Protein chains: 2
Amino acid sequence: MNRLCTLTAPKGRPREFDLDEALAGALRVFWRNGYEGASMAELTAEMGITKPSLYAAFGNKEALFHKALDLYEREKLAYMTSALDAPTARAVAERLLRGALQMQMSTCDPKGCLSVISSVACSAEAEPIKAEVAKRRASSEAALMKRFDEAKAAGEFPDGLESHALMRYLFAIMQGLSIQAGSGATCTELNQLVETSLSVWPTK
Amino acid sequence: MNRLCTLTAPKGRPREFDLDEALAGALRVFWRNGYEGASMAELTAEMGITKPSLYAAFGNKEALFHKALDLYEREKLAYMTSALDAPTARAVAERLLRGALQMQMSTCDPKGCLSVISSVACSAEAEPIKAEVAKRRASSEAALMKRFDEAKAAGEFPDGLESHALMRYLFAIMQGLSIQAGSGATCTELNQLVETSLSVWPTK
DNA sequence: TACCCTATATACCGAACGGTATGAATAGGC
DNA sequence: GCCTATTCATACCGTTCGGTATATAGGGTA
């Protein structure tokens with residue numbers, strides 16, 4: 001009995017749906033409705049599978065959310081990591097803001113940011129969800145702060161402006177952007193927000 | 001039968017709880033948990049009354065939320081209207097940011113902003129809630145924009161900076177502030193956010 | 001063909017949801 | 001004292017929640 005064969009030959013009845021497609025459907029529902037607002041009924045409907053299939057493939061609702069959040073960060077927040085490659089702190093900020101804007105202007109995706117939505121939605125049951133999102137956000141914040149530390153060392157910031165303060169400021173704008181996008185702001189308005197933020201970006 | 005007497009002499013059995021205190025309790029629950037996350041059980045527990053009393057006095061959950069939102073705006077967002085009296089746009093922004101900061105630093109109130117929480121929480125049932133919050137926010141935005149229009153007419157803004165763009169920018173920062181406050185940011189961090197925002201505020 | 005393993009579909013679980021019917025308690029008006 | 005009007009407390013309504021038991025269907029292996 002060769003163990004390696006199990007990769008190409010799964011034993012029992014094969015599943016009739018695509019894992020990735022189903023997960024993408026789950027992501028859409030969580031994105032539209034938040035963790036608590038997403039019911040198993042709506043999830044299964046959008047994923048095109050039944051509840052037992054969902055539980056067998058993904059565990060439970062919380063585990064499914066984690067996997068959907070992974071997909072979200074991998075596919076929708078990719079611009080956040082790539083933005084760090086920009087040559088200056090201002091260019092990083094510009095890439096981040098324009099990336100966030102472009103994502104919110106997508107006509108096929110739900111509005112707002114899944115991370116922001118999930119960190120705000122807050123009944124008692126969703127406490128571990130908030131904690132998980134907070135952990136991931138802290139990681140993003142640390143990455144941006146490290147990049148801004150380099151910028152500060154390179155003398156890009158005015159005196160008295162600390163990198164962590166500027167990081168926090170930039171995140172606040174992006175969070176505000178996603179709030180306003182989720183509340184029905186137009187693309188023009190969101191673009192104005194980005195342009196204004198860039199026009200006041202501090203230079204030495 | 002004098003109609004006016006009904007004001008001082010309500011006929012039936014008098015209620016045994018204080019309307020304002022009960023509403024304040026409801027506000028706390030909505031603030032902590034959002035509209036959907038606030039269950040009738042938790043509401044009645046915090047308000048110190050039973051469900052039939054709640055329905056008799058406030059209508060239903062949605063009507064109770066509206067009244068709690070009224071109380072919230074009246075007591076907790078008072079700084080937003082008074083800030084408009086400041087002499088310059090920058091002073092208005094400073095009052096708004098410091099007012100928001102001070103509110104988030106209160107140790108007895110929940111963290112975050114009820115309006116932001118309610119505009120994000122989003123199952124299907126909460127759609128009218130979102131609409132109501134959006135309407136009220138639009139009113140606040142209009143008030144701030146009018147004030148910034150005056151500032152622009154007074155020549156306070158750099159060329160090319162429109163008042164509505166700056167209004168949207170300032171709101172974004174305040175929304176980001178409340179998001180970060182609700183996610184466990186420290187007072188020091190929130191203060192840094194406010195100071196940074198003020199330090200980059202555009203002047204002519 | 002017989003067997004094993006896994007996915008499927010249906011029907012169901014206890015708990016919690018928002019909301020209410022009902023009857024006892026408590027006040028004013030006559 | 002009696003009627004009316006309103007509140008209070010309990011128990012209950014139908015629905016939906018997340019999650020599962022059960023039985024059938026379908027593919028690999030021998």
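Predicted, not measured: the structure shown is a model, and the values here were computed from it. Quick note on labels: first sequence line is chain A, next is B, and so on, each numbered from 1.
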K.L.:
I need the NZ-P distance between Lys11(B) and dT7(D), as an integer number of Å.
P.N.:
13 Å
K.L.:
Could you check which of dT7(D), dG19(C), dT10(C) has an atom nearest any side-chain atom of Met40(B)?
P.N.:
dG19(C)
K.L.:
I want to check one thing: is the phosphate of dG18(D), taken as OP1 and OP2, less than 4.0 Å away from some side-chain N or O of Lys61(A)?
P.N.:
yes
K.L.:
Check whether the side chain of Arg13(A) and the base of dA7(C) form a donor-acceptor pair under 3.5 Å.
P.N.:
yes
K.L.:
Please work out which of the three classes, parallel, tilted or perpendicular, describes the rings of Tyr169(B) and Tyr169(A), given edges at 30° and 60°.
P.N.:
perpendicular
K.L.:
Given atom CD of Glu125(A) and atom P of dA16(C), what is their separation to the nearest angstrom?
P.N.:
12 Å
K.L.:
Please compare Tyr55(B) and Ile49(A) by the position of their nearest nucleotide in DNA chain C and report the one closer to 5'.
P.N.:
Ile49(A)
K.L.:
Just compare dA5(D), dG19(D), dT8(C) and give me whichever is closest to any side-chain atom of Pro52(A).
P.N.:
dT8(C)
K.L.:
Using a cut-off of 4.0 Å on non-hydrogen atoms, how would the nucleic acid contact of Pro14(B) be classed: base, sugar-phosphate, or nothing?
P.N.:
sugar-phosphate
K.L.:
Below the 4.0 Å mark, does dT7(D) have OP1 or OP2 next to a side-chain nitrogen or oxygen of Ser53(B)?
P.N.:
no
K.L.:
Using heavy atoms to find the nearest nucleotide of DNA chain C for Glu36(B) and Gly12(A) separately, return the residue whose nucleotide is more 5′.
P.N.:
Gly12(A)
K.L.:
Using the six-membered ring of Phe171(A), assess whether NZ or CZ of Arg168(A) lies under 6.0 Å from its centre and within 45 degrees of the ring axis.
P.N.:
no
K.L.:
Looking only at side-chain atoms of Lys51(B), point me to the closest of dG19(D), dG19(C), dG18(D).
P.N.:
dG19(C)
K.L.:
Could you tell me how far apart Phe17(A) (CZ) and dT6(C) (P) are, to the nearest whole angstrom?
P.N.:
15 Å
K.L.:
With a cut-off of less than 4.0 Å, is there a side-chain N or O of Ser39(B) near OP1 or OP2 of dC17(C)?
P.N.:
yes
K.L.:
What is the distance from CD of Glu16(B) to P of dT6(D), rounded to the nearest Å?
P.N.:
16 Å
K.L.:
Which nucleotide in the list dG19(C), dG18(D), dT8(C) gets nearest to the side chain of Asn60(B)?
P.N.:
dG19(C)
K.L.:
Might you confirm whether atom CD of Glu189(B) has over 12 heavy atoms from other residues, nucleotides or ligands at distances under 6.0 Å?
P.N.:
yes
K.L.:
Provide, to the nearest angstrom, the distance between the CG atom belonging to Leu19(A) and the C1' atom belonging to dA7(C).
P.N.:
12 Å
K.L.:
Report the nucleotide, chosen from dA21(D), dA9(D), dC17(D), that has the shortest atom-to-atom distance to any side-chain atom of Ala41(A).
P.N.:
dC17(D)
K.L.:
For Met47(B) and dA9(D), give me the distance from atom CE to atom C1', rounded to whole Å.
P.N.:
17 Å
K.L.:
Over how many whole Å does the gap from Leu43(A) atom CG to dT16(D) atom C1' extend?
P.N.:
14 Å
K.L.:
For Asn33(B) and dG18(C), give me the distance from atom CG to atom P, rounded to whole Å.
P.N.:
11 Å
K.L.:
Say whether Ser183(B) and Arg137(A), considering side chains only, have a donor N or O and an acceptor N or O under 3.5 Å apart.
P.N.:
yes
K.L.:
Quick one: closest heavy-atom pair of Val92(A) and Ala83(A), and the distance?
P.N.:
CG2-O, 3.4 Å
